[in-house]
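No experiment lies behind these values; they were computed from the predicted model shown.
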Amino acid sequence: MLSVTNLRKTYGSGGQAVEAIRDLTLTVDKGEFVCIVGPSGAGKTTMLKCLCGLLKPSSGTVTLDGAPVTGPPKEIASVFQDYSRSLMPWFTVQRNVGLPLRNRYRSAADRAERVATALDAVGLSGFGDRYPWQLSGGMQQRVAIARGLAYAPEILLLDEPFASVDAQTRADLEDLILRVRDDTGVTMLLVTHDIDEAVYLADRVVVMSARPSVVLETVPVDLPRPRDQVTTKRLPRFAELRAHVLTLIRRTALDGAAPTPDQHSTIGARR
Amino acid sequence: MRIVLRLLVPVLLVLLWWTTSAGSTSPFYPPLREVLAAFQESWLFTRLGSDLVPSVTRLLAGLLIATVVGIAVGAALGRSRLLMQALNPAVQFGRSLPGTALIPISVVLFGIGDGSKILVIAFVCLFPVLLNTVDAVRGVDPHLEDVARSYRLTPAQRLAFVLLPAAAPQIFAGIRTALGIAFIMMVVTELYAATNGVGFVTLSARNSFDVPQMWAGTVLLGLLGVALSALFLVLQRRVLSWHIGMTERN
Ligand SMILES: Nc1ncnc2c1ncn2[C@@H]1O[C@H](COP(=O)(O)OP(=O)(O)OP(=O)(O)O)[C@@H](O)[C@H]1O
Ligand SMILES: [Mg+2]
(Lines give C-alpha, C1' and ligand atoms only; values in the text may rest on other atoms or scores of the structure.)
(Ligands and ions follow the chains in the order given, each with its own letter.)
Protein backbone atom coordinates (compact mmCIF):
# COMPACT_ATOMS: atom_id res chain seq x y z
CA MET A 1 0.00 0.00 0.00
CA LEU A 2 1.35 3.34 -1.07
CA SER A 3 0.18 6.34 0.85
CA VAL A 4 0.81 10.04 0.83
CA THR A 5 -0.20 12.20 3.75
CA ASN A 6 -0.40 15.97 3.66
CA LEU A 7 2.18 16.17 0.93
CA ARG A 8 3.41 19.65 0.20
CA LYS A 9 6.07 20.58 -2.31
CA THR A 10 7.46 24.02 -2.99
CA TYR A 11 10.21 24.49 -5.55
CA GLY A 12 12.87 27.07 -4.83
CA SER A 13 12.62 29.59 -2.03
CA GLY A 14 12.09 33.26 -1.34
CA GLY A 15 10.54 35.37 -4.06
CA GLN A 16 10.96 32.73 -6.74
CA ALA A 17 9.32 29.94 -4.77
CA VAL A 18 6.73 27.94 -6.71
CA GLU A 19 4.21 26.17 -4.56
CA ALA A 20 3.43 23.17 -6.74
CA ILE A 21 1.52 21.01 -4.27
CA ARG A 22 -0.27 22.43 -1.28
CA ASP A 23 -1.84 19.48 0.48
CA LEU A 24 -2.29 16.04 -1.00
CA THR A 25 -3.48 12.96 0.81
CA LEU A 26 -3.92 9.79 -1.16
CA THR A 27 -3.79 6.06 -0.64
CA VAL A 28 -3.30 3.46 -3.31
CA ASP A 29 -4.12 -0.10 -2.31
CA LYS A 30 -2.29 -3.14 -3.47
CA GLY A 31 -3.50 -4.20 -6.89
CA GLU A 32 -5.52 -1.07 -7.39
CA PHE A 33 -5.59 0.97 -10.58
CA VAL A 34 -5.68 4.68 -9.80
CA CYS A 35 -5.72 7.39 -12.43
CA ILE A 36 -4.83 10.98 -11.68
CA VAL A 37 -6.21 13.81 -13.74
CA GLY A 38 -5.68 17.50 -13.28
CA PRO A 39 -4.91 20.63 -15.26
CA SER A 40 -1.51 21.08 -16.82
CA GLY A 41 1.01 22.35 -14.30
CA ALA A 42 -1.08 21.07 -11.39
CA GLY A 43 1.88 19.21 -9.96
CA LYS A 44 1.11 15.68 -11.13
CA THR A 45 4.65 14.93 -12.20
CA THR A 46 5.91 16.49 -9.00
CA MET A 47 3.67 14.19 -7.00
CA LEU A 48 4.86 11.08 -8.84
CA LYS A 49 8.47 12.09 -8.27
CA CYS A 50 7.79 12.44 -4.56
CA LEU A 51 6.07 9.05 -4.56
CA CYS A 52 8.96 7.24 -6.18
CA GLY A 53 11.56 8.84 -3.97
CA LEU A 54 13.16 11.07 -6.59
CA LEU A 55 12.06 14.29 -4.92
CA LYS A 56 11.99 15.12 -1.25
CA PRO A 57 8.65 16.56 -0.16
CA SER A 58 8.72 19.96 1.54
CA SER A 59 6.50 18.47 4.18
CA GLY A 60 4.22 15.49 4.61
CA THR A 61 5.05 11.82 4.34
CA VAL A 62 5.15 9.12 1.71
CA THR A 63 5.04 5.55 2.92
CA LEU A 64 5.20 2.23 1.16
CA ASP A 65 3.69 -0.63 3.16
CA GLY A 66 4.12 1.49 6.25
CA ALA A 67 7.79 2.32 5.74
CA PRO A 68 8.75 5.87 4.84
CA VAL A 69 10.06 6.35 1.30
CA THR A 70 13.40 8.14 1.42
CA GLY A 71 14.83 7.09 -1.91
CA PRO A 72 13.70 5.09 -4.94
CA PRO A 73 12.21 1.82 -3.62
CA LYS A 74 12.88 -1.41 -5.45
CA GLU A 75 9.16 -2.15 -5.64
CA ILE A 76 8.41 0.83 -7.87
CA ALA A 77 9.09 1.31 -11.57
CA SER A 78 8.40 4.58 -13.34
CA VAL A 79 7.53 5.39 -16.92
CA PHE A 80 8.47 9.02 -17.30
CA GLN A 81 6.53 11.70 -19.10
CA ASP A 82 9.34 12.79 -21.37
CA TYR A 83 10.00 9.43 -22.99
CA SER A 84 12.44 10.73 -25.60
CA ARG A 85 14.73 11.95 -22.86
CA SER A 86 14.32 8.93 -20.64
CA LEU A 87 15.94 6.42 -22.98
CA MET A 88 19.70 6.12 -23.41
CA PRO A 89 20.48 6.93 -27.05
CA TRP A 90 23.77 5.03 -26.83
CA PHE A 91 22.04 1.75 -26.05
CA THR A 92 19.89 -0.39 -28.27
CA VAL A 93 16.27 -0.96 -27.31
CA GLN A 94 17.23 -4.29 -25.75
CA ARG A 95 19.96 -2.82 -23.61
CA ASN A 96 17.73 0.04 -22.52
CA VAL A 97 15.09 -2.37 -21.31
CA GLY A 98 17.68 -4.69 -19.77
CA LEU A 99 19.73 -2.04 -17.97
CA PRO A 100 17.63 -1.92 -14.76
CA LEU A 101 17.61 -5.73 -14.62
CA ARG A 102 21.34 -5.99 -14.02
CA ASN A 103 20.94 -5.82 -10.28
CA ARG A 104 17.99 -8.23 -10.28
CA TYR A 105 19.10 -11.11 -12.42
CA ARG A 106 22.64 -12.36 -12.39
CA SER A 107 22.43 -14.37 -15.55
CA ALA A 108 22.44 -12.56 -18.87
CA ALA A 109 20.19 -15.25 -20.32
CA ASP A 110 17.51 -14.57 -17.71
CA ARG A 111 17.71 -10.89 -18.44
CA ALA A 112 17.49 -11.44 -22.16
CA GLU A 113 14.41 -13.58 -21.69
CA ARG A 114 12.66 -10.98 -19.56
CA VAL A 115 13.57 -8.26 -22.06
CA ALA A 116 12.20 -10.32 -24.92
CA THR A 117 8.94 -10.97 -23.07
CA ALA A 118 8.49 -7.29 -22.23
CA LEU A 119 9.22 -6.17 -25.79
CA ASP A 120 6.81 -8.74 -27.08
CA ALA A 121 4.12 -7.45 -24.72
CA VAL A 122 4.36 -3.94 -26.17
CA GLY A 123 4.54 -5.21 -29.74
CA LEU A 124 8.19 -4.42 -30.37
CA SER A 125 9.58 -7.94 -30.77
CA GLY A 126 11.57 -7.27 -33.88
CA PHE A 127 13.08 -4.01 -32.68
CA GLY A 128 15.49 -5.06 -29.93
CA ASP A 129 18.56 -4.24 -31.97
CA ARG A 130 17.44 -0.79 -33.02
CA TYR A 131 18.42 2.41 -31.30
CA PRO A 132 15.71 4.56 -29.71
CA TRP A 133 16.35 7.39 -32.14
CA GLN A 134 15.58 5.07 -35.02
CA LEU A 135 12.03 4.63 -33.72
CA SER A 136 8.93 6.81 -33.83
CA GLY A 137 7.80 8.68 -30.73
CA GLY A 138 5.09 6.15 -29.98
CA MET A 139 7.53 3.26 -30.29
CA GLN A 140 9.99 4.99 -27.98
CA GLN A 141 7.24 5.38 -25.42
CA ARG A 142 6.50 1.68 -25.74
CA VAL A 143 10.16 0.94 -25.07
CA ALA A 144 9.91 3.00 -21.87
CA ILE A 145 6.80 1.03 -20.89
CA ALA A 146 8.56 -2.25 -21.65
CA ARG A 147 11.42 -1.18 -19.42
CA GLY A 148 8.96 -0.63 -16.58
CA LEU A 149 7.26 -3.97 -17.18
CA ALA A 150 10.48 -5.95 -17.41
CA TYR A 151 11.47 -4.63 -13.99
CA ALA A 152 8.49 -6.60 -12.62
CA PRO A 153 7.56 -3.96 -10.05
CA GLU A 154 4.83 -4.17 -7.46
CA ILE A 155 3.83 -0.65 -8.35
CA LEU A 156 4.06 0.94 -11.77
CA LEU A 157 3.91 4.72 -12.00
CA LEU A 158 3.05 6.04 -15.44
CA ASP A 159 3.23 9.74 -16.26
CA GLU A 160 1.10 10.43 -19.33
CA PRO A 161 2.42 7.32 -21.01
CA PHE A 162 0.20 7.49 -24.09
CA ALA A 163 0.38 11.18 -24.81
CA SER A 164 2.28 10.85 -28.04
CA VAL A 165 0.76 7.85 -29.76
CA ASP A 166 -1.99 7.66 -32.34
CA ALA A 167 -5.53 6.74 -31.30
CA GLN A 168 -5.34 3.09 -32.33
CA THR A 169 -1.99 2.47 -30.63
CA ARG A 170 -3.28 4.29 -27.62
CA ALA A 171 -6.29 1.99 -27.32
CA ASP A 172 -4.00 -1.03 -27.77
CA LEU A 173 -1.62 0.18 -25.07
CA GLU A 174 -4.48 0.90 -22.68
CA ASP A 175 -5.67 -2.65 -23.11
CA LEU A 176 -2.13 -3.92 -22.74
CA ILE A 177 -1.81 -2.15 -19.41
CA LEU A 178 -5.14 -3.58 -18.26
CA ARG A 179 -4.03 -7.06 -19.29
CA VAL A 180 -0.73 -6.69 -17.45
CA ARG A 181 -2.62 -5.62 -14.36
CA ASP A 182 -4.90 -8.66 -14.61
CA ASP A 183 -1.99 -11.04 -15.23
CA THR A 184 0.39 -9.75 -12.60
CA GLY A 185 -1.73 -7.88 -10.09
CA VAL A 186 0.67 -4.94 -10.26
CA THR A 187 -0.57 -1.73 -8.67
CA MET A 188 -0.98 1.03 -11.25
CA LEU A 189 -0.86 4.76 -10.75
CA LEU A 190 -1.32 6.57 -14.02
CA VAL A 191 -1.39 10.28 -14.76
CA THR A 192 -3.30 11.38 -17.82
CA HIS A 193 -4.94 14.37 -19.41
CA ASP A 194 -7.46 12.23 -21.14
CA ILE A 195 -10.60 11.87 -19.05
CA ASP A 196 -12.00 9.01 -21.16
CA GLU A 197 -8.78 7.15 -20.62
CA ALA A 198 -8.84 7.74 -16.88
CA VAL A 199 -12.39 6.48 -16.50
CA TYR A 200 -11.81 3.56 -18.84
CA LEU A 201 -8.74 2.30 -16.98
CA ALA A 202 -9.22 3.16 -13.33
CA ASP A 203 -10.76 1.70 -10.24
CA ARG A 204 -10.62 5.24 -8.89
CA VAL A 205 -10.01 8.59 -10.54
CA VAL A 206 -8.31 11.21 -8.40
CA VAL A 207 -9.03 14.73 -9.61
CA MET A 208 -6.40 17.29 -8.71
CA SER A 209 -7.03 21.02 -8.55
CA ALA A 210 -4.97 23.61 -10.37
CA ARG A 211 -1.74 24.70 -8.70
CA PRO A 212 -1.12 24.83 -5.75
CA SER A 213 -2.87 21.52 -5.82
CA VAL A 214 -5.08 19.59 -3.49
CA VAL A 215 -7.24 16.55 -4.18
CA LEU A 216 -10.58 17.90 -5.40
CA GLU A 217 -12.38 14.61 -5.37
CA THR A 218 -11.79 10.91 -5.63
CA VAL A 219 -14.27 9.33 -8.00
CA PRO A 220 -14.78 5.55 -7.64
CA VAL A 221 -15.31 3.91 -11.01
CA ASP A 222 -17.91 1.19 -10.67
CA LEU A 223 -17.74 -0.05 -14.25
CA PRO A 224 -17.63 -3.83 -14.74
CA ARG A 225 -14.41 -5.60 -15.62
CA PRO A 226 -13.00 -6.79 -17.91
CA ARG A 227 -13.32 -3.53 -19.75
CA ASP A 228 -13.67 -3.24 -23.47
CA GLN A 229 -12.97 -0.26 -25.67
CA VAL A 230 -16.34 -0.48 -27.38
CA THR A 231 -18.82 -1.92 -24.91
CA THR A 232 -17.50 -0.22 -21.76
CA LYS A 233 -17.40 3.17 -23.39
CA ARG A 234 -20.95 2.68 -24.63
CA LEU A 235 -22.35 2.24 -21.10
CA PRO A 236 -24.49 5.10 -19.78
CA ARG A 237 -22.52 4.89 -16.53
CA PHE A 238 -19.32 5.57 -18.43
CA ALA A 239 -20.79 8.75 -19.85
CA GLU A 240 -22.00 9.82 -16.41
CA LEU A 241 -18.61 9.33 -14.77
CA ARG A 242 -16.86 11.01 -17.62
CA ALA A 243 -19.16 14.03 -17.44
CA HIS A 244 -18.68 14.25 -13.71
CA VAL A 245 -14.88 14.28 -13.90
CA LEU A 246 -14.95 16.72 -16.78
CA THR A 247 -17.12 19.12 -14.81
CA LEU A 248 -14.72 19.01 -11.89
CA ILE A 249 -11.73 19.71 -14.08
CA ARG A 250 -13.45 22.50 -15.98
CA ARG A 251 -14.27 24.20 -12.74
CA THR A 252 -10.78 23.98 -11.24
CA ALA A 253 -9.20 25.05 -14.47
CA LEU A 254 -11.42 28.13 -14.51
CA ASP A 255 -11.16 29.21 -10.91
CA GLY A 256 -8.06 27.36 -9.75
CA ALA A 257 -5.60 29.18 -7.54
CA ALA A 258 -3.53 30.58 -10.38
CA PRO A 259 -5.35 29.99 -13.63
CA THR A 260 -3.51 30.67 -16.84
CA PRO A 261 -5.23 31.02 -20.19
CA ASP A 262 -3.91 27.77 -21.59
CA GLN A 263 -5.03 25.65 -18.71
CA HIS A 264 -8.56 24.90 -19.93
CA SER A 265 -7.56 24.15 -23.45
CA THR A 266 -5.08 21.54 -22.34
CA ILE A 267 -7.58 19.23 -20.72
CA GLY A 268 -8.33 16.17 -22.75
CA ALA A 269 -6.25 17.08 -25.74
CA ARG A 270 -2.79 18.13 -24.82
CA ARG A 271 -0.01 19.00 -27.23
CA MET B 1 35.27 10.66 -58.23
CA ARG B 2 35.53 11.90 -54.67
CA ILE B 3 38.89 10.28 -54.20
CA VAL B 4 40.17 12.02 -57.32
CA LEU B 5 38.96 15.35 -56.00
CA ARG B 6 40.61 14.75 -52.66
CA LEU B 7 43.95 13.81 -54.16
CA LEU B 8 43.98 16.58 -56.75
CA VAL B 9 45.37 19.40 -54.62
CA PRO B 10 48.02 17.33 -52.78
CA VAL B 11 49.29 15.95 -56.11
CA LEU B 12 49.41 19.44 -57.60
CA LEU B 13 51.34 20.74 -54.58
CA VAL B 14 53.89 17.94 -54.84
CA LEU B 15 54.28 18.63 -58.56
CA LEU B 16 54.78 22.31 -57.81
CA TRP B 17 57.40 21.46 -55.24
CA TRP B 18 59.11 19.08 -57.63
CA THR B 19 59.30 21.58 -60.50
CA THR B 20 60.31 24.61 -58.47
CA SER B 21 63.02 22.70 -56.62
CA ALA B 22 64.33 20.61 -59.52
CA GLY B 23 66.88 23.18 -60.66
CA SER B 24 67.40 24.78 -57.26
CA THR B 25 70.94 25.66 -56.38
CA SER B 26 70.15 26.97 -52.90
CA PRO B 27 71.58 24.54 -50.35
CA PHE B 28 68.55 25.16 -48.13
CA TYR B 29 66.00 24.31 -50.81
CA PRO B 30 67.26 21.03 -52.22
CA PRO B 31 65.55 19.30 -55.13
CA LEU B 32 62.62 17.14 -54.03
CA ARG B 33 64.42 14.22 -55.61
CA GLU B 34 67.15 14.52 -52.99
CA VAL B 35 64.66 14.92 -50.18
CA LEU B 36 62.90 11.73 -51.27
CA ALA B 37 66.21 9.91 -51.46
CA ALA B 38 67.03 11.02 -47.92
CA PHE B 39 63.55 10.01 -46.83
CA GLN B 40 64.00 6.55 -48.24
CA GLU B 41 67.43 6.19 -46.74
CA SER B 42 66.42 7.12 -43.19
CA TRP B 43 62.78 6.32 -42.83
CA LEU B 44 62.35 3.27 -45.08
CA PHE B 45 63.15 1.69 -42.73
CA THR B 46 66.47 2.13 -40.90
CA ARG B 47 65.35 4.74 -38.43
CA LEU B 48 61.78 3.57 -38.15
CA GLY B 49 62.41 1.39 -35.14
CA SER B 50 65.12 3.52 -33.59
CA ASP B 51 63.44 6.94 -33.87
CA LEU B 52 59.87 6.88 -35.16
CA VAL B 53 58.68 4.18 -32.79
CA PRO B 54 60.06 5.89 -29.65
CA SER B 55 58.48 9.21 -30.71
CA VAL B 56 55.07 7.73 -31.31
CA THR B 57 55.24 5.62 -28.17
CA ARG B 58 55.95 8.67 -26.04
CA LEU B 59 53.14 10.58 -27.67
CA LEU B 60 50.62 7.81 -27.15
CA ALA B 61 51.75 7.13 -23.59
CA GLY B 62 51.41 10.80 -22.67
CA LEU B 63 48.05 11.09 -24.37
CA LEU B 64 46.77 7.93 -22.69
CA ILE B 65 47.78 9.13 -19.24
CA ALA B 66 46.18 12.52 -19.90
CA THR B 67 42.98 10.85 -21.10
CA VAL B 68 42.63 8.52 -18.14
CA VAL B 69 43.51 11.14 -15.52
CA GLY B 70 41.55 13.86 -17.33
CA ILE B 71 38.36 11.80 -17.49
CA ALA B 72 38.65 10.59 -13.90
CA VAL B 73 39.43 13.98 -12.39
CA GLY B 74 37.07 15.79 -14.77
CA ALA B 75 34.16 13.52 -13.87
CA ALA B 76 34.81 14.08 -10.17
CA LEU B 77 35.04 17.86 -10.63
CA GLY B 78 31.94 17.93 -12.77
CA ARG B 79 29.98 16.11 -10.08
CA SER B 80 31.15 18.05 -7.08
CA ARG B 81 30.78 21.79 -6.89
CA LEU B 82 32.92 21.87 -3.78
CA LEU B 83 35.79 19.98 -5.35
CA MET B 84 35.61 22.21 -8.41
CA GLN B 85 35.79 25.35 -6.30
CA ALA B 86 38.79 23.98 -4.46
CA LEU B 87 40.69 22.83 -7.54
CA ASN B 88 39.67 25.42 -10.10
CA PRO B 89 42.50 27.90 -9.36
CA ALA B 90 45.06 25.14 -9.74
CA VAL B 91 43.44 23.96 -12.97
CA GLN B 92 43.38 27.47 -14.39
CA PHE B 93 47.04 27.93 -13.50
CA GLY B 94 48.03 24.61 -15.02
CA ARG B 95 46.20 25.18 -18.28
CA SER B 96 47.73 28.63 -18.71
CA LEU B 97 51.29 27.39 -18.41
CA PRO B 98 52.88 27.14 -21.86
CA GLY B 99 53.87 23.50 -22.20
CA THR B 100 57.27 24.31 -23.61
CA ALA B 101 58.16 26.20 -20.44
CA LEU B 102 57.87 22.97 -18.52
CA ILE B 103 60.52 21.14 -20.48
CA PRO B 104 63.57 22.65 -18.71
CA ILE B 105 62.08 21.90 -15.32
CA SER B 106 61.14 18.41 -16.34
CA VAL B 107 64.65 17.80 -17.69
CA VAL B 108 66.25 19.05 -14.48
CA LEU B 109 63.92 17.01 -12.33
CA PHE B 110 63.49 13.84 -14.32
CA GLY B 111 66.32 13.79 -16.82
CA ILE B 112 66.18 13.44 -20.57
CA GLY B 113 64.71 9.96 -20.72
CA ASP B 114 61.29 8.85 -21.93
CA GLY B 115 59.64 9.39 -18.55
CA SER B 116 60.41 13.06 -18.48
CA LYS B 117 59.06 13.60 -22.00
CA ILE B 118 55.94 11.54 -21.43
CA LEU B 119 55.25 13.56 -18.31
CA VAL B 120 55.41 16.85 -20.16
CA ILE B 121 53.15 15.57 -22.94
CA ALA B 122 50.68 14.17 -20.41
CA PHE B 123 50.60 17.36 -18.39
CA VAL B 124 49.89 19.59 -21.35
CA CYS B 125 47.27 17.23 -22.80
CA LEU B 126 45.52 16.84 -19.48
CA PHE B 127 43.69 20.15 -19.54
CA PRO B 128 41.67 19.92 -22.73
CA VAL B 129 40.47 16.46 -21.72
CA LEU B 130 39.75 17.47 -18.14
CA LEU B 131 37.92 20.68 -18.92
CA ASN B 132 35.80 19.05 -21.61
CA THR B 133 34.91 16.24 -19.24
CA VAL B 134 33.85 18.67 -16.51
CA ASP B 135 31.63 20.50 -18.95
CA ALA B 136 30.15 17.35 -20.44
CA VAL B 137 29.40 15.71 -17.12
CA ARG B 138 27.65 18.85 -15.94
CA GLY B 139 25.52 18.90 -19.05
CA VAL B 140 24.10 15.40 -18.69
CA ASP B 141 20.31 15.48 -19.01
CA PRO B 142 18.76 15.34 -15.52
CA HIS B 143 15.99 13.16 -16.95
CA LEU B 144 18.49 10.38 -17.53
CA GLU B 145 19.82 10.74 -14.02
CA ASP B 146 16.26 10.41 -12.73
CA VAL B 147 15.89 7.20 -14.70
CA ALA B 148 19.18 5.88 -13.37
CA ARG B 149 18.24 6.72 -9.82
CA SER B 150 14.70 5.44 -9.95
CA TYR B 151 15.85 2.10 -11.38
CA ARG B 152 18.43 1.96 -8.63
CA LEU B 153 21.57 1.72 -10.71
CA THR B 154 24.67 1.59 -8.55
CA PRO B 155 27.06 4.56 -8.65
CA ALA B 156 29.45 2.53 -10.78
CA GLN B 157 26.67 1.63 -13.20
CA ARG B 158 25.54 5.22 -13.37
CA LEU B 159 29.07 6.26 -14.26
CA ALA B 160 29.63 3.54 -16.82
CA PHE B 161 26.20 3.39 -18.47
CA VAL B 162 24.86 6.90 -18.15
CA LEU B 163 27.36 9.59 -17.28
CA LEU B 164 30.34 8.61 -19.40
CA PRO B 165 28.41 7.64 -22.53
CA ALA B 166 26.46 10.88 -22.32
CA ALA B 167 29.68 12.81 -21.92
CA ALA B 168 31.58 10.84 -24.55
CA PRO B 169 31.03 13.12 -27.56
CA GLN B 170 32.44 16.11 -25.73
CA ILE B 171 35.22 14.09 -24.14
CA PHE B 172 36.26 12.95 -27.59
CA ALA B 173 36.42 16.56 -28.74
CA GLY B 174 38.78 17.19 -25.84
CA ILE B 175 40.98 14.22 -26.71
CA ARG B 176 41.12 15.40 -30.28
CA THR B 177 42.45 18.79 -29.17
CA ALA B 178 44.87 17.00 -26.88
CA LEU B 179 46.13 14.87 -29.75
CA GLY B 180 47.14 17.97 -31.67
CA ILE B 181 48.94 19.35 -28.66
CA ALA B 182 50.57 15.99 -27.93
CA PHE B 183 51.97 15.95 -31.43
CA ILE B 184 53.54 19.38 -31.05
CA MET B 185 54.92 18.50 -27.63
CA MET B 186 56.34 15.25 -28.96
CA VAL B 187 58.49 17.20 -31.41
CA VAL B 188 59.38 20.01 -29.02
CA THR B 189 60.51 17.70 -26.24
CA GLU B 190 62.87 16.08 -28.74
CA LEU B 191 64.37 19.37 -29.85
CA TYR B 192 65.46 20.36 -26.39
CA ALA B 193 67.22 17.35 -25.00
CA ALA B 194 66.97 13.94 -26.55
CA THR B 195 68.86 10.98 -27.83
CA ASN B 196 66.34 9.71 -30.34
CA GLY B 197 63.06 10.56 -32.05
CA VAL B 198 61.89 12.12 -35.31
CA GLY B 199 62.33 15.63 -33.92
CA PHE B 200 65.80 14.78 -32.69
CA VAL B 201 66.89 13.35 -36.05
CA THR B 202 65.51 16.36 -37.89
CA LEU B 203 67.27 18.82 -35.65
CA SER B 204 70.55 16.89 -35.79
CA ALA B 205 70.34 16.91 -39.58
CA ARG B 206 70.10 20.68 -39.51
CA ASN B 207 73.03 20.93 -37.14
CA SER B 208 75.19 18.82 -39.46
CA PHE B 209 74.01 20.71 -42.57
CA ASP B 210 72.31 17.61 -43.95
CA VAL B 211 69.54 19.72 -45.42
CA PRO B 212 67.73 16.98 -47.41
CA GLN B 213 67.58 14.92 -44.22
CA MET B 214 66.02 17.86 -42.41
CA TRP B 215 63.35 18.19 -45.09
CA ALA B 216 62.74 14.46 -45.02
CA GLY B 217 62.13 14.52 -41.27
CA THR B 218 59.66 17.35 -41.69
CA VAL B 219 57.82 15.45 -44.41
CA LEU B 220 57.63 12.44 -42.13
CA LEU B 221 56.17 14.57 -39.34
CA GLY B 222 53.49 15.85 -41.69
CA LEU B 223 52.58 12.34 -42.78
CA LEU B 224 52.56 11.14 -39.19
CA GLY B 225 50.21 13.92 -38.16
CA VAL B 226 47.79 13.06 -40.93
CA ALA B 227 47.94 9.36 -40.06
CA LEU B 228 47.35 9.93 -36.35
CA SER B 229 44.39 12.14 -36.92
CA ALA B 230 42.90 9.66 -39.41
CA LEU B 231 43.32 6.83 -36.91
CA PHE B 232 41.69 8.91 -34.24
CA LEU B 233 38.71 9.55 -36.48
CA VAL B 234 38.30 5.83 -37.11
CA LEU B 235 38.30 5.18 -33.37
CA GLN B 236 35.86 7.99 -32.73
CA ARG B 237 33.53 6.76 -35.43
CA ARG B 238 33.45 3.34 -33.81
CA VAL B 239 32.88 4.50 -30.25
CA LEU B 240 30.43 7.26 -31.10
CA SER B 241 28.55 5.51 -33.89
CA TRP B 242 25.29 6.03 -31.97
CA HIS B 243 25.93 9.74 -31.74
CA ILE B 244 26.77 10.08 -35.40
CA GLY B 245 23.64 8.13 -36.33
CA MET B 246 21.48 10.22 -34.07
CA THR B 247 22.88 13.53 -35.28
CA GLU B 248 22.48 12.56 -38.91
CA ARG B 249 18.87 11.67 -38.29
CA ASN B 250 17.95 15.01 -36.78
N1 LIG C 1 12.34 21.79 -11.00
C2 LIG C 1 11.40 22.73 -10.87
N3 LIG C 1 11.71 23.95 -10.39
C4 LIG C 1 10.77 24.92 -10.26
N5 LIG C 1 9.49 24.76 -10.57
C6 LIG C 1 9.11 23.57 -11.05
C7 LIG C 1 10.04 22.50 -11.23
N8 LIG C 1 9.37 21.43 -11.73
C9 LIG C 1 8.08 21.83 -11.84
N10 LIG C 1 7.92 23.11 -11.43
C11 LIG C 1 6.66 23.85 -11.40
O12 LIG C 1 5.77 23.15 -10.56
C13 LIG C 1 4.46 23.14 -11.12
C14 LIG C 1 4.00 21.71 -11.27
O15 LIG C 1 4.77 21.07 -12.26
P16 LIG C 1 4.51 19.58 -12.72
O17 LIG C 1 5.48 19.26 -13.80
O18 LIG C 1 4.50 18.70 -11.53
O19 LIG C 1 3.04 19.69 -13.32
P20 LIG C 1 2.20 18.61 -14.11
O21 LIG C 1 0.88 18.54 -13.47
O22 LIG C 1 2.95 17.34 -14.26
O23 LIG C 1 2.05 19.32 -15.52
P24 LIG C 1 1.88 18.66 -16.98
O25 LIG C 1 0.49 18.17 -17.03
O26 LIG C 1 2.09 19.81 -17.90
O27 LIG C 1 2.88 17.58 -17.11
C28 LIG C 1 4.55 23.90 -12.43
O29 LIG C 1 4.09 25.21 -12.21
C30 LIG C 1 6.02 23.91 -12.76
O31 LIG C 1 6.35 25.08 -13.43
MG1 LIG D 1 3.69 16.30 -15.85
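Contact of B/Ala168 with chain A is not made at all, since no heavy-atom distance falls under 4.5 Å. Neither the backbone nor the side chain of A/Leu101 comes within contact range of chain B, judged by heavy atoms closer than 4.5 Å. Heavy atoms of A/Arg147 lying under 4.5 Å from chain B belong to its backbone as well as its side chain. Of the atoms belonging to B/Asp141, it is side-chain heavy atoms, and not backbone ones, that fall under 4.5 Å from chain A. Contacts of B/Glu145 with chain A are absent, with no heavy-atom separation under 4.5 Å from either backbone or side chain. If you measure heavy-atom distances from B/Arg149 to chain A, the contacts under 4.5 Å come from both the backbone and the side chain. At a 4.5 Å heavy-atom cutoff, A/Pro153 makes no contact with chain B through either its backbone or its side chain.
The backbone N or O of B/Leu153 lies less than 3.5 Å from no partner atom in the side chain of A/Asn103, so there is not a single donor-acceptor pair.
Contact annotation: the side chain of B/Ser150 approaches that of A/Phe80 to within less than 4.5 Å [non-hydrogen atoms, C-beta and beyond].
Counting non-hydrogen atoms of other residues, nucleotides and ligands closer than 6.0 Å to CD1 of B/Ile3 gives a total of 12 or fewer. Within 6.0 Å of CG in B/Leu12 there are more than 12 heavy atoms belonging to other residues, nucleotides or ligands. The number of heavy-atom neighbours closer than 6.0 Å to CD of A/Glu113, taken from other residues, nucleotides and ligands shown, is 12 or below.
Across all non-hydrogen atoms, the minimal contact from A/Ser78 to B/Tyr151 is O-OH, 2.8 Å. Residues B/Trp242 and A/Trp133 come closest through the heavy atom pair O-CZ2, 3.2 Å. A/Trp90 and B/Val162 get closest at one heavy-atom pair: CZ2-O, 3.4 Å. Smallest separation of non-hydrogen atoms from A/Arg85 and B/Leu144: O-CD2, 3.3 Å. Scanning both residues, B/Phe161 and A/Met88, for their nearest heavy atoms gives O-SD, 4.3 Å.
Once rounded to the nearest 0.5 Å, the distance linking CD of B/Gln157 with CG of A/Leu99 reads 7.0 Å. Interatomic distance, B/Arg152 CZ to A/Ile76 CD1, rounded to the nearest 0.5 Å: 10.0 Å.
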